[in-house]
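Okay, structure first, notes after.
Any value given below was found using the heavy atoms of this structure, including those in side chains, with hydrogens, waters and symmetry copies removed. Bear in mind the structure is a predicted one, so any value in this text is a computation, not a measurement.
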Amino acid sequence: MLIMLGGVQIGVLAACVVLFVPMGMAGYHLSRNRMLFFSGALFITLAVGVHLTPYFPSVSDFVSSVKSVVVYDNREDSCINLVNEVVWDVKPRIISSSGDGTVDYDKIWDWSKNGKVKGCDFEKLGRGDVKDLLNGSWVVVAGDSQARLTVQSLLSLILDEKRMGMIKGDLYKKHSDYEIVVDEIGMKLDFVWAPYVVNLTSLMMGFKQNRTYPDVLVMGAGLWHMLHVNNASDYDVALENLRSSVVSLLPFSPELDTDGPVTGSVSVRSPHLFWLGMPILINGMLNTEEKREKMNDEMCRAYDSALHNSRLLRRYGGPLLLLDIQSLSWNCGPRCTIDGMHYDGTVYEAAVHILLNALLIESHQKLGSS
């Protein structure tokens, strides 16, 4: 490309010499006869055109070369990349009138108001909008306690307070699965207790065996691995295996698979895939000595690096869009957690709204009037 541009520049310079010098001289001698002057100018211009032709590619070649270097602005892709751009306003609120100084905090979040994010028109969805969006869907959320808290926040947007009170006991049975059907919108939601990445891989293989796939799949794991295995390299390998199982069994584009084209794919719509990131761990607030020793800052960084290296996330060429719990929990801060690991429901509420806005973008839907 640079060589071609150099040739064009030389050609233009030659054109200036060939065109303007003779035209100036002709203009001086022929200024009294305008018709003769313009005829001479036209003749010289055509001659210059012939002279320059070798320096320019064909129109089609030129268009192709421009297309190869121009980056087109894809609004869908750009907004998907900005959907985690959330800001927080955590304010103290006195909740005791007895003068003992008891303070709670209002945790208010919203999307950033900078130009690019504002242009995406992200919104906190109301109950009617959420029901419309998830109408007839099968949603699967798989993971550890972070995933369970996300399920609670999602159901809180769909069900009324009375029904939420009725289901909480079953939802929070320790280390157990949970399922619910919301009959009025035909939505089925499954929570799968899967604290290790290998559990998620097994879940994916189960989908393949049954040849059934959810419309929305949210998964994430890492905290249990960090505590009980405490080996970032092993976590990296597990994530790479998970990525391979996701790419190989679902109908994705073959370029996601570094091992070759996807084979044996089935004729179904691709589910919307999300990775539920781990939260920021506040070491001094963790409730056991074992957690404080093993889940330290250095180990957290190593596990973050393993997630990056696995290329499981879309930002690194993978199939899953990140729900950035780490960023949400970091910005909400220590006032949003009592144990340094599980955060206030507002954090998971924000994650659910991020997920829903991403679904709106990916499915090319618009919010209704509800």
Side-chain angles (χ1 to χ4, degrees), residues 84 139-154 171-179 189-208 214 216-250 271-281 286 290-291 294-296 299-316 318-329 339-343 347-348 351-352 354-355:
N84 282 291
V139 179
V140 175
V141 183
D144 52 25
S145 55
Q146 302 292 315
R148 201 184 296 270
L149 287 165
T150 303
V151 169
Q152 178 182 331
S153 290
L154 176 57
L171 176 59
Y172 278 91
K173 284 182 179 178
K174 192 173 183 180
H175 303 170
S176 64
D177 298 344
Y178 174 78
E179 64 178 43
L189 186 148
D190 289 323
F191 168 72
V192 180
W193 173 249
Y196 294 103
V197 175
V198 293
N199 302 136
L200 299 176
T201 304
S202 296
L203 177 67
M204 300 303 292
M205 301 312 295
F207 291 143
K208 180 178 182 179
V216 181
L217 176 58
V218 183
M219 54 183 168
L223 293 176
W224 275 55
H225 194 286
M226 192 185 301
L227 179 61
H228 299 295
V229 180
N230 205 236
N231 186 316
S233 297
D234 185 86
Y235 183 62
D236 191 350
V237 171
L239 290 172
E240 290 178 1
N241 290 337
L242 174 62
R243 182 187 188 277
S244 297
S245 70
V246 172
V247 172
S248 66
L249 67 90
L250 294 179
H272 301 279
L273 296 172
F274 298 89
W275 180 258
L276 191 64
M278 289 189 289
I280 283 290
L281 300 180
L286 298 178
E290 182 184 17
K291 290 178 181 177
K294 293 183 176 180
M295 307 176 86
N296 55 58
M299 189 58 66
C300 289
R301 287 191 294 270
Y303 272 63
D304 286 342
S305 180
L307 180 60
H308 175 283
N309 294 338
S310 71
R311 296 194 302 114
L312 183 67
L313 301 182
R314 192 180 300 182
R315 65 167 66 168
Y316 305 127
L320 277 73
L321 181 67
L322 176 66
L323 300 177
D324 197 353
I325 299 295
Q326 183 178 93
S327 175
L328 294 174
S329 55
D339 65 1
M341 181 184 295
H342 302 95
Y343 281 76
V347 169
Y348 305 97
V352 168
I354 289 170
L355 179 151

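A donor-acceptor contact shorter than 3.5 Å links the side chain of Asn84 to the backbone of Leu322. A donor-acceptor distance shorter than 3.5 angstrom exists from the side chain of Ser244 to the backbone of Glu240, with no hydrogens or angles considered. A donor-acceptor contact shorter than 3.5 Å is absent between the side chain of Ser327 and the backbone of Asp324.
The closest side-chain heavy-atom distance from Arg148 to Trp193 is below 4.5 Å. Inter-residue side-chain proximity for Leu223 and Leu281 is flagged as met; some heavy-atom pair is nearer than 4.5 Å. Between Thr150 and Phe274, the closest side-chain pair of non-hydrogen atoms is not below 4.5 Å. The shortest distance between side-chain heavy atoms of Leu149 and His342 falls below 4.5 Å. Using a 4.5 Å heavy-atom threshold, the side chains of Leu273 and Pro271 count as touching. Residues Leu328 and Ile325 meet the side-chain proximity criterion, which asks for heavy atoms closer than 4.5 Å. With contacts defined as side-chain heavy-atom distances shorter than 4.5 Å, the pair Met204/Leu217 qualifies. In this structure, Val192 and Met219 have side chains that are not in contact, with every pair of non-hydrogen atoms separated by 4.5 Å or more.
Contact detail for Val352 and Ser153: the closest heavy-atom pair is CG2-CB, 3.8 Å. Ser310 approaches Leu307 most closely through the heavy-atom pair OG-O, 2.7 Å. Taking all atoms of both residues into account, the shortest heavy-atom contact from Pro319 to Val246 is CG-CG1, 3.8 Å. Residues Ser329 and Pro279 share a closest heavy-atom pair of OG-CA, 3.6 Å. A pairwise comparison of heavy atoms in Ala194 and Leu200 identifies CB-CD2, 3.7 Å as the closest pair.
Taken from CG in Leu286 to CE in Met341, the straight-line distance is 5.0 Å, to the nearest 0.5 Å. The CG atom of Leu242 lies 7.0 Å from the CG atom of Leu320; values are rounded to the nearest 0.5 Å. A distance of 8.5 Å separates OH of Tyr235 from CG of Asp304, quoted to the nearest 0.5 Å. Here Asp177 contributes atom CG and Phe191 contributes atom CZ; the two are 7.0 Å apart, rounded to the nearest 0.5 Å. The distance from the CE atom of Met299 to the CG atom of Leu227 is 11.0 Å, given to the nearest 0.5 Å. Annotation: the span from His175 atom NE2 to Trp224 atom CH2 amounts to 3.5 Å, rounded to 0.5 Å.
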Between His272 and Leu355, is a side-chain contact (heavy atoms from CB on, under 4.5 Å) present by the stated rule, with each step listed?
CA-CA 10 Å; His272 301 279; Leu355 179 151; over 6 Å; no
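No side-chain donor from either of His228 and Tyr196 sits under 3.5 Å from a side-chain acceptor of the other. Judged by distance alone, the side chains of Tyr343 and Gln146 never bring a donor and an acceptor atom under 3.5 Å apart.
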